[in-house]
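Protein chains get the first letters and strands the later ones, always in sequence-line order, with residue 1 at the start of each.
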There are 2 protein chains.
Amino acid sequence: MRVRLEDVARAAGVSPKTVSRVLNDEANVRAPTREKVRAAMAAMDYRPHQSARSLASNRSFLIAMLYDNPSSNYLTEIQAGVLEACDLHHYSMMVRPLHVGEGGFVERIDRLISHHRPDGLVLTPPITDHPGLLQRLHERRVLYASISPIERKGTIGAFIDEPEAARRMMATLLALGHRRIAHVIGHPGHGASQWRLAGYRQALAEAGLARDPELEVAGDFSFGAGVAAARRLFSLPRGRGPTAVFAANDDMAAGVIWAAGEHGLSVPRDVSVCGFDDTPIARQIWPALTTIHQPSREMGRIAALQLLDSLRGRGPGAMVQAPFSLELRESTAAAS
Amino acid sequence: MRVRLEDVARAAGVSPKTVSRVLNDEANVRAPTREKVRAAMAAMDYRPHQSARSLASNRSFLIAMLYDNPSSNYLTEIQAGVLEACDLHHYSMMVRPLHVGEGGFVERIDRLISHHRPDGLVLTPPITDHPGLLQRLHERRVLYASISPIERKGTIGAFIDEPEAARRMMATLLALGHRRIAHVIGHPGHGASQWRLAGYRQALAEAGLARDPELEVAGDFSFGAGVAAARRLFSLPRGRGPTAVFAANDDMAAGVIWAAGEHGLSVPRDVSVCGFDDTPIARQIWPALTTIHQPSREMGRIAALQLLDSLRGRGPGAMVQAPFSLELRESTAAAS
DNA sequence: CCTTGGCGTGACAGCGCTGTCAATTTGCCG
DNA sequence: CGGCAAATTGACAGCGCTGTCACGCCAAGG
């Protein structure tokens, strides 16, 4: 039979309740007692039974991560970060793919919560911004952390300064002499799309350049959208086309480069291309992509830690800003 | 307060134990009773409390998926499949990244099992083939399903006929007139590497072509390894270099195409390139990659279903063969 | 010196479910 | 219709832990 809390208590010469207190880092245990219990736990290699703890304390020690995001690179990074945080506090993590548009989206999550009873959720874009869901979570008093939500106020989690990052990217292109810079916009439901577009526009304005609606092309973060957008851009009459394309993420940038090949354009000689996110694909295409590096894993970790802090009653948790960096690679060059 | 099993029992006019029986699909409940209970459950929107079930029955209703694989595309697919199967049977899934080479690898899993007590595991390559781990799992009597393990005997899970797939790919290249075909080998620890190499060699033999050691280049499934391998291949003197490169996976094939760009070679005009796995990158590079499509998600689902079957005492579970298909795209053409 | 109050600890009763085993009912046969 | 085995149902005692509350102790204040 496995070691139970009761066994530890007997070995340490204290009551089960005291062992429980030590296990849960509760106050009001004298230091020597605490040490004695800790020693007994270690000596007996005691592993608390999570289900029993859950049943008795009405907590699950479980965090659920919800996503509706086609970018598996992004997701595994976030997931790894959340997992690190969970391990640190002996929580488990479960993951759940969803489809925001689908009927019964909120009900599906509701059922998930009833079934698995996670103590908290980690939301990723665009789930972070589903009003119906957020309201339901408030009603049910389910705590959650958000990664890069549109509305940061009153929410805990992690984000980067996206408009600033986009401006930085634009500054780089402008410094290379580009004046006709196109932007391939991300999925309309994502905050990232708005912010990156805003940064793009602001950079143009700051440089004293006029916005050209023809150079702002809709997309949805997918490779295919990048291809489609680029086809339109590269079909523009000479003089009205771009010398540089800033895609709102790497996948679309890869699509743009793909389409450049199709149109017989050489990157970066004929046209510069840059992306955003620094997913592995940025280094796996030719030429390697100039992009903004986003510390996804770190952001997952931070968000989960904030959530865990607030779950364990260690402060209210915060919305933490993470740093980004610009990765200058071979897909950008001076304007010809 | 939430609805408990006892409440359902009262509503249905039976004992709690009978409701429990219905909940667990046990035998020896008369059909009308079963229906009565089912109706009460539905009417009251009863959700069993997993922790209570776990505590009382000593099962966790949890499957853990273990991986040590850098390909996030592959992983999220498998993960999605496993999750589908888990949902079907109201199990939860947890995921755990690991590093096979690291010290304490087996102990780490041991601790994971003690802590979370999963009812079973789903293993992915190369964890499927770690002798120390498998022995430990047998000792602890932990059930597991494997995806594409080297040793299929006595194991449940899913696989595809890899040598046959590799042969099929080679047949395609041979039919295009290629005679000097290189192979970039996968990570030595993976069964897939052996099988794909074996299929490559067998196809050569069947075509009456001699093996050329210079054309079998070591790799490790990473993009970088593809680049390195291709640099060696493309530096071979004229006449000794390949007219086609069959990389053991898509990432390396992408690396080969990348290196081709570097060497001023045009794909597929100067050299044909093909991969294996059909991950998203196969369509996101230019030219799009001819490759073998592997139904990863389906394989994850099948493996998990086999595991669940055997966990729930519904038969012993089996090692199931899944179908593959050859995707002919733009990276291959007739030999020049 | 006696309160008062807070700290440290333990006794006890469940949390919501299932295993065990006994009680009851049913079906079937002679 | 009685008798017996099998099928069906229920009573009860936990699973391993924590919430609640009661108790004993000691320092500080009057």
Practice task
Nearest 0.5 Å please: distance from the CG atom of B/Asp119 over to the CG atom of B/Leu307.
Solution key: 8.5 Å
Fill in the blank from the handout: So CG of A/Leu98 and CG of A/Leu133: to nearest 0.5 Å the spacing works out to 8.5 Å
Can you identify which nucleotide, out of [options], has its nearest atom closest to the [X] side chain?
X	options	value
A/Glu26	D/dG16, D/dG19, C/dC17	D/dG19
A/Val14	D/dC17, C/dG10, C/dT9	C/dG10
A/Arg4	D/dC17, D/dT9, C/dT18	D/dC17
A/Ser15	C/dG8, C/dG10, C/dC17	C/dG10
B/Arg30	C/dT26, C/dC17, D/dT18	C/dT26
A/Thr18	C/dT9, D/dC17, D/dC15	C/dT9

Rounded to whole angstrom units, what separation is found between the [atom1] atom of [X] and the [atom2] atom of [N]?
X	N	atom1	atom2	value
A/Arg10	D/dC17	CZ	P	12 Å
B/Asn58	D/dG14	CG	P	16 Å
B/Leu23	C/dC17	CG	C1'	9 Å
B/Leu55	C/dG16	CG	P	12 Å
A/His49	D/dT18	NE2	P	12 Å
B/Glu6	D/dC12	CD	C1'	13 Å
B/Lys36	D/dG10	NZ	C1'	13 Å
B/Arg59	C/dC17	CZ	P	14 Å

Handout entry: SB check A/Arg47 A/Asp45 (cutoff 4.0 Å)
Key = yes
Practice task
Using a strict 4.0 Å threshold on nitrogen-to-oxygen distance, state whether A/Arg111 and A/Glu107 make a salt bridge.
Solution key: no
Handout entry: Polar pair under 3.5 Å, donor/acceptor by atom type, side chain B/Arg21, base D/dG10
Key = yes
Practice task
Test for a donor-acceptor pair under 3.5 Å between the base of C/dG8 and the side chain of A/Arg34, counting only N and O atoms.
Solution key: no
Practice task
Run the numbers on A/Phe105 and A/His99 for ring-ring contact (aromatic ring centres under 6.0 Å, His included), then give the verdict.
Solution key: CA-CA 7 Å; A/Phe105 166 73; A/His99 297 285; 9.5 Å; no
For [N] and [X] - does any side-chain N or O of the residue sit under 4.0 Å from the phosphate oxygens OP1/OP2?
X	N	answer
A/Thr33	C/dT9	yes
B/Tyr46	C/dC17	yes
B/Ser20	C/dT18	yes

Handout entry: Ring-face cation contact, B/Phe61 with B/Arg53, 6.0 Å cut, 45° max
Key = yes
Practice task
Specify the residue among A/Lys17 and A/Asn28 whose closest nucleotide of DNA chain C lies further upstream toward the 5′ end.
Solution key: A/Asn28
Fill in the blank from the handout: Taking for B/Ala31 and for A/Ala56 the nucleotide of DNA chain D with the nearest heavy atom, the one nearer the 5' end belongs to B/Ala31
Exercise for the section: Give A/Asn24 one of three labels, base, sugar-phosphate or nothing, depending on what nucleic acid heavy atoms sit under 4.0 Å from its own. Expected result: sugar-phosphate
